[in-house]
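This report refers to the structure that appears directly beneath it.
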Amino acid sequence: MAKDLGVTSREENYADWYNEVVKRADLADNSVVRGCMVIKPHGYAIWEHMRDALDRMFKETGHVNAYFPLLIPKSFLSKEAEHVDGFAKECAIVTHHRLMNDPNGKGVVVDPEAKLEEELIIRPTSETIIWHSYKNWIQSYRDLPLLINQWANVMRWELRPRLFLRTAEFLWQEGHTAHATYEEAEQETLTILEIYKRFAEEWMCVPVIDGIKSDGEKFAGADHTYTIEAMTQDFRAIQAGTSHHLGQNFAKAFDVTFQSAEGKREYVYATSWGVSTRLIGTMIMAHSDDNGLVCPPKLAPIQVVIVPIGRGDDRAAVMEATDKIAADLKATTWSGLPIRVKVDDREKESPGFKYNYWEMRGVCLRIEIGPRDLAEGKAVIASRLGGDKKEVQLDQIISTVATELDNFQRALYQRALALREANTHRVDSWEEFQTAFAQEGGGGGFILAHWDGTQETEDAISAATKATIRCIPLIPLDPKDNEPGVCVYSGKPSQKRVIFAKAY
RNA sequence: CGGGGCGUAGCUCAGCUUGGUAGAGCGCGUGCUUUGGGAGCAUGAGGCCGCAGGUUCGAAUCCUGUCGCCCCGACCA
């Protein structure tokens, strides 16, 4: 009986495992519309913490928030040639604005009289609608830089959706900035990339490699794209965030110019950058286990759950102690915010049930307190990362919780880093390269190999192995990675190693 | 859009071959007993058997059509 209460193990079926964790941890459900997702309160709480932390970081670096509309005239998308190529295949289109009763029966039909003169697309990203506005906002170099972010939903009509990792509608932030010079825009993309990397590592406990995308993998319409790439527990790469230098492409497409201090009229330089609810999927894939969700304390919806044990005569005293601990914890800040505590005082459920219940939902620490503890003036504390339960004196609980949360955050990062390092390899022969990616379904880790820099080779490697270039690291993982060599596929000269992996 | 599978209770599924009153487990309600790693007993509620036609005295079951979902490929954050 206990068996069907858990989730499929990662080893047995990684895809099923992921899906079941999302559902059993109460994070999200599929909607009735294919590809769309209901984000439940427990999942949305994670997003709120991500959003709040990132928003602070953006504001600290001079960005402000605004909101641009959901609907974009169809013609806008085609103003930038590469951009339309990249997104045209996955757009939802609004063609009518009215329904009517079906003259032939029940229900409603689209009113053919209500056809739109110009069809609208639901934003797959907002560059076009935003740059249409920027044309009017930017006149002079004094208006620059323009540093704007928006929190929004976007829609990309996905054929193979997966909860959080790839959904038709998703939540994200998209930053859109305008600058007077190429160099300033370049600095902006790198500043944001650094924020993304710091957020992934310090908040999500997910080590990432920051690098530049090959031309084949860059954003449609960008001059070049930076990325942070994480590794999942099935040894694949997942793109966790991107920051694009758009050059003058959108400025030219939307005719956005400014007058320089010297009185010359010039096109502005642009950047755009985003992270999405995919981060939640990334976090799950990086940390969770066969008992359910594992959450970094800084993002956990609930950091501490208290399970009071005992009923009847013991109940009142135990509850009194429980409520005191809860109140004390809530009055304490950890990492700058009040500690998030839940008291599970349900009387119908057994303690054992509650332990499993909250483990599945990714609560970091559990405090058990019963009559026996109370008699000795202590409580039991257990970590979601395992290890032995510890006994704590009641007057030490606050400091112990803070310390345990610190340790948890650090240990989780170290564990993910160890996984990545153990599955990152350098390969110099084509045979070895193919073997590395040979397993059906599975990943193969990160393979650092030499590449001749051509699109043809990239395509050929991808066709043969399903592995793609995830990025060219900004900083080599090992100094030797930047020593010249020969391409693993073509044998032509190569300047440095790049990262290949199968990707989500 | 190709290849495979599946639609029966909130969830996971049995029943279909061979037509005859709609089933199980989990979950849910109620009552009693239980509480230190997924409690027990009792009792109840819950169904247009995906949808539409057809065959038949009679269809979850057979036939035709249709819609939807899942998995694997091509495309993507």
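Just so we're clear, the structure is a prediction, and the values are computed from it rather than from any experiment. In what follows, chains are A, B, ... by sequence order, proteins preceding strands, each numbered from 1.
- Remark on RNA chain B: of its neighbouring residues A:Leu159 and A:Ile309, the 5'-side contact belongs to A:Ile309, judged by nearest-heavy-atom nucleotide.
- The aromatic rings of A:Phe58 and A:Trp273 sit tilted, their planes meeting at an angle between 30° and 60°.
- The separation between A:Arg156 atom CZ and B:C76 atom P is 12 Å, rounded to whole Å.
- A:Thr167 comes within 4.0 angstrom of a base, heavy atoms only.
- Ring planes of A:His224 and A:Tyr226: perpendicular class, angle over 60° (limits at 30 and 60°).
- Nucleotide B:G31 forms a Watson-Crick or G-U wobble pair with B:C41, both donor-acceptor distances falling under 3.5 Å.
- Of the side-chain N and O atoms in A:Arg160, none sit less than 4.0 angstrom from OP1 or OP2 of B:C75.
- At a threshold of 4.0 angstrom between heavy atoms, the contacts of A:Glu359 include nucleobase atoms, whether or not backbone atoms are also involved.
- For the P atom pair drawn from B:U33 and B:G20, the interatomic distance equals 46 Å after rounding to whole Å.
- To the nearest whole angstrom, the two P atoms, one in B:C71 and one in B:C13, are 13 Å apart.
- Minimum atom distance to the side chain of A:Met360 is reached by B:G38, of the listed B:G38, B:A74, B:G37.
- B:U21 and B:U55 have their P atoms separated by 23 Å, with the value rounded to a whole Å.
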- Worked check of side-chain contact (heavy atoms from CB on, under 4.5 Å) between A:Ile129 and A:Phe254: CA-CA 10 Å; A:Ile129 194 85; A:Phe254 287 86; over 6 Å; no

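- Considering only side-chain atoms of A:Val380, the nucleotide from B:C76, B:G36, B:A77 that sits closest is B:G36.
- Comparing B:G38, B:C75, B:A77 by their nearest atom to the side chain of A:Gln239 picks out B:A77.
- Rounded to whole Å, the separation between the C1' atoms of B:G19 and B:C49 comes to 14 Å.
- A:Arg315 comes within contact range of no nucleotide atom at all, as no heavy-atom separation falls under 4.0 Å.
- Using a 4.0 Å heavy-atom distance criterion, A:Ile238 is classed as making no nucleic acid contact.
- B:U43 and B:G65: their P atoms are spaced 48 Å apart (whole Å).
- Comparing A:Tyr357 and A:Ala15 against RNA chain B, the residue whose closest nucleotide sits nearer the 5' end is A:Tyr357.
- With A:Glu229 as the partner, the salt bridge (charged side-chain N to carboxylate O under 4.0 Å, His left out) test is satisfied by one option alone out of A:Lys213, A:Lys502, A:Lys197: A:Lys213.
- Here the P atom of nucleotide B:G38 and the CZ atom of A:Arg346 are 15 Å apart, to the nearest Å.
- In this structure, A:Arg278 atom CZ and B:C76 atom P are separated by 13 Å, rounded to whole Å.
- With both pairing distances under 3.5 Å, B:C75 is matched to nothing as a Watson-Crick or G-U wobble pair.
- Base pairing of B:U12 is made with B:A24, judged by Watson-Crick or G-U wobble geometry with both donor-acceptor distances under 3.5 Å.
- Applying ring-ring contact (aromatic ring centres under 6.0 Å, His included) to A:His83 and the options A:Phe76, A:Trp131, A:Phe219 leaves one that passes, A:Phe219.
- In this structure, the CG atom of A:Asn153 is 15 Å from the C1' atom of B:A77, given to the nearest Å.
- Counting atom types as modelled, A:Lys389 pairs a side-chain N or O with a base atom of B:G37 as donor and acceptor under 3.5 Å.
- The aromatic rings of A:Trp203 and A:Phe199 sit parallel to each other, their planes meeting at less than 30°, with 60° as the upper class boundary.
- Base pairing of B:U18 is not made with any nucleotide, judged by Watson-Crick or G-U wobble geometry with both donor-acceptor distances under 3.5 Å.
- Within a 6.0 Å radius of CD in A:Glu376, other residues, nucleotides and ligands contribute more than 12 heavy atoms.
- Pairing partner, B:A60: none, since no Watson-Crick or wobble contact has both distances short of 3.5 Å.
- We find that A:Glu359 and A:Arg361 are not joined by a salt bridge, their nearest charged nitrogen and carboxylate oxygen being 4.0 Å or further apart.
- Closest contact between the side chain of A:Tyr355 and the listed nucleotides B:G37, B:A77, B:A39 involves B:G37.
- Nucleotides B:C11 and B:G3 have their C1' atoms positioned 29 Å apart, rounded to a whole Å.
- Contact annotation for A:Tyr504: no contact, since no heavy-atom pair falls under 4.0 Å across all strands.
- B:A59 sits 35 Å from B:C1 when the P atoms are compared, rounded to a whole Å.
- Looking at A:Gln173, its side chain does come within 3.5 Å of a backbone N or O of A:Val275 through a donor-acceptor pair.
- Spacing between B:G10 and B:A45 at atom P, rounded to whole Å, works out to 16 Å.
- Contacts of A:Val307 with the nucleic acid, taken as non-hydrogen atoms under 4.0 Å apart, are absent.
- Across all strands shown, B:C69 forms a Watson-Crick or G-U wobble pair with B:G5, both key distances being under 3.5 Å.
- Going from atom NZ of A:Lys23 over to atom C1' of B:C11 covers 11 Å, rounded to whole Å.
- In this structure, A:Glu347 atom CD and B:G31 atom P are separated by 13 Å, rounded to whole Å.
- Rounded to whole Å, the distance from CG on A:Asp26 to P on B:G27 is 16 Å.
- Listed nucleotides: B:G36, B:G38, B:C76. Nearest to the side chain of A:Asn356: B:G38.
- Straight-line distance from the CG atom of A:Asp85 to the P atom of B:C76: 11 Å, rounded to whole Å.
- A close approach under 4.0 Å does occur between a side-chain nitrogen or oxygen of A:Arg34 and OP1 or OP2 of B:C70.
- If you check every strand for non-hydrogen atoms under 4.0 Å, A:Gly310 touches sugar and phosphate atoms only.
- Base contact: A:Asp373 has a heavy atom under 4.0 Å from a base atom.
- When each of B:A77, B:A39, B:G37 is scored by its nearest atom to the side-chain atoms of A:Arg366, the top-ranked nucleotide is B:G37.
- For the OP1/OP2 pair of B:G27 and a distance below 4.0 Å, the side-chain nitrogens and oxygens of A:Lys348 include no atom meeting the criterion.
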